[in-house]
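Since the structure comes first, as C-alpha cells, the remarks are kept for the end.
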2 protein chains.
Amino acid sequence: MLPAVDTLETRELRYFVAVAEELHFGRAAERLGMAQPPLSRAIQQLERRLGVCLLQRDRRGVRLTGAGEVLLHEGRAALDATAAAVRRTRRAGGDDSPGGPRGRLVLAVKAAASHELLRKLLDAYAAEPDSAEIEVLLCGMCEQEELLRDGRADVALMHAPWNSLAGFDSEALTTEGQVAVLPAGHPLAARETLSLADVRDVPDLPLARWPTHGTYAPGPGPEIHNQTQLAQLIALGRTVAVVPDSARSWLWTEHAAVPLTDAPPVVTHLAWPAHSRSLTLAGLVRTAARL
Amino acid sequence: MLPAVDTLETRELRYFVAVAEELHFGRAAERLGMAQPPLSRAIQQLERRLGVCLLQRDRRGVRLTGAGEVLLHEGRAALDATAAAVRRTRRAGGDDSPGGPRGRLVLAVKAAASHELLRKLLDAYAAEPDSAEIEVLLCGMCEQEELLRDGRADVALMHAPWNSLAGFDSEALTTEGQVAVLPAGHPLAARETLSLADVRDVPDLPLARWPTHGTYAPGPGPEIHNQTQLAQLIALGRTVAVVPDSARSWLWTEHAAVPLTDAPPVVTHLAWPAHSRSLTLAGLVRTAARL
DNA sequence: CGCGGTGATACCTGCCGGGTATGACAGGGC
DNA sequence: GCCCTGTCATACCCGGCAGGTATCACCGCG
C-alpha cells in the first residue's frame, strides 16, 4: 500500500492536458517530445492516484469523462499560474529590495487599440517621480487575458464588453460610443446616425466578424484577422464594421463613419491579476486613476 | 550544458514556499518531512534554473529577495490552483456525462452568517427541477476566498466590504445596514440611532476587533475569535460591536441593537472562481439571481 | 485474413531525489 | 582566547522511478 498522495506534479498536469487536447496518446507524446508508452503509464498512474477515471478509451479513440473535463480546465489554470510564477520571478530578476519588488512592467495592448489613450497613460506615468520602465506588448484581439494569466504580461488595457474582466482587478479609464464604418459612397454613409438593425441587415454589405477567443461567430460576413484587412474590405465595398469611436483615427478617405445610436458603449479598463502586490503596478494604477 | 528548463515542478514550489515562510532551512525541511541537505540543494537548483537569486543567506538567517517575494506570492497561487485541480477533479468523481460535469457543490459560508438568506437560497435551489446536492462548508470570518482558491469549495457567500471579491465572479444578493450592539443597560442603548463616531469613542466600551485575513487591526478593544465570545463580552459590558442588521437574530436579552446612520452597507454576494464552467454552479447562480 | 493503427504491457537502464555524515563559518558564553 | 551551538553547504551513496525499446492485444478494414 503506497501512501495516497494528494498532490500532483506539474509534469503530470502537462501530460494530461496534452492528451486531453489531442485525444490521442501518440500525437500527445510527440508534442511532449517523448515516447507513447511512458505517457500511457503516467496517465494511468494519475488516474489511479486521483481515484478517478479521466479518459474513456474505447475502440478507435479517446474521449474525456466529466472529471477529465474538469481536470483539463483546472489543470490549464494551474499550469498558467505556474508559468506565471516563473516568468514574473525571472522578470523581478536581481531585485533584492525588501518590502515589495520594483521593476519593469509588461503592459499588454491589442495592436488595434487607440494609441491616444495609451500615449496619455504612458506619458503621465513617465512623468511620475519614481516611475519604472514599461514594456508595451502588442497582441491580438482577445489575448490579453491569457497574457495576464500566464505571466507574459503584468497589466493590460482591456475593452469591455469584448474582453471579460472576470478574475482580474480593474480600473475603468474611458467610455466611448461606437460607429459603423462603411464605404464612403454607400447610401447609408449619408445618414446622420444609424441603429444596429440598420447595419445588420444591409443586403449587399454583410457585417464583418472577428474572433472571440479564437472562434468566429457564424454569419455571412468575412472573417477579420487584422485591421488592415478590414480597412481594405470596407474600402472595396465588401463589408461593414462596427467599431469604437476612437477607431476613426485609422480610417481612410474611402471610409465613412456613422455614429450608432443603440450600440453598447465600449469601456477601456486597465486590468491586472487580482492578487498582484507589485508596487510598480500600484504606481501605474494610481496614475491611470487620475487621468 | 543542460537544457534550460522553463518549467517548474510542484514539488519545487512546495519546497520554496516552505523555506520562504519559515526563513529557516531546518524547520522548513522538518515541515516537509525530509532532511535539510536535499532541501538546500533543491533550492540551489531552483535558483540556478531560474537564473535568479531568491534568498539572501548571510550569517544568522535567511531573507527573501524581491524576486523571492514574487515567487512566494505567485507560487502560493500556483499551488492553490494545483490543489484546486485535484480536489475538483476528485469531486467530479465518476461523472462521465459529456458537455460539462454535474455533481455535488460545496458552498462555503461563514458560520456567523445569517441563516435566513442561506435557508432561502438552499430551499429555492432544492425546488429546481434538476438540482444537485449542496454541501454547506462552515468556515471562519475570512476563509471563503482561500477555500475557493484551493478548491475545497466551489462557491461561497461573501460579505462586502469584509470579503474581497477580487478574482471571483459574483452576484449580489442582499444589502443591509449595520447596527451597534451594546450592553442593554448602557446609556447609548436608549438612543434611536447612532453614528460610527459615537461608538468609536465610548471611553468605557472599546470597539471589538476581529481579524481580517488572520491579523488584527491595532486598537484597545478585545480580539474576537467567535460569535459566542463576542456576545459574552458585550453582555459583560466589556465591549461594543458593529455588526450587520441580520445579526439581530442571535442577540441576547442582555444586548441592545441601535441602527448606525453612517456605517457602510453590507452586501452579501454569491461568489465563485471566475473561470468556472460547472453547469451545476450555473444552476445555483440562476436560482440566486431570481431571489 | 493480413494490415495498419490504436493503446497497453513487459522489461531494462540511468538519472536524480533523498538519505547520512561532515564541513565551513559565525556568535555567544566562560 | 577557547569551545560549543546553530546555521547552511558539501560529499557521497543508494533506491525508485521516469523514460526508452520491443512487443502484445485489439479493432476496423480492404
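Naming: A, B, ... by sequence-line order, numbering from 1 per chain.
An OP1 or OP2 oxygen of D:dT10 is reached within less than 4.0 angstrom by a side-chain nitrogen or oxygen of B:Gln44. Phosphate proximity of C:dG5 to A:His24: absent, as no side-chain N or O sits under 4.0 Å from OP1 or OP2. The side chain of B:Ser40 contributes an N or O atom lying less than 4.0 Å from OP1 or OP2 of D:dA9.
When rounded to the nearest whole Å, the span between CD of A:Glu30 and P of C:dG7 equals 13 Å. Residue A:Arg14 contributes atom CZ, which lies 13 Å from atom P of D:dA18 at whole-angstrom precision. If you measure from atom CD1 of A:Ile43 to atom P of C:dT6, you get 17 Å, rounded to the nearest angstrom.
Not counting sequence neighbours, the partners of A:Glu47 by the salt bridge (charged side-chain N to carboxylate O under 4.0 Å, His left out) test are A:Arg57. Qualifying side chain to side chain donor-acceptor pair (under 3.5 Å) partners for B:Arg87, counting only residues two or more places apart in sequence or in other chains: none.
Although no hydrogens or angles enter the test, the distance criterion places no donor-acceptor pair under 3.5 Å between the side chain of B:Arg27 and the main chain of B:Val19. Side-chain atoms of A:Glu143 come within 3.5 Å of backbone N or O of A:Gly140 as a donor-acceptor pair. The closest donor-acceptor contact from the side chain of B:Gln144 to the backbone of B:Leu157 lies under 3.5 Å. Looking only at distances, a side-chain donor or acceptor of A:Arg209 sits under 3.5 Å from a matching main-chain atom of A:Ala217.
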Just by protein heavy atoms under 4.0 Å, how would nucleotides 17-23 of chain C read 5' to 3' in B, S and -?
-> BBBBB--
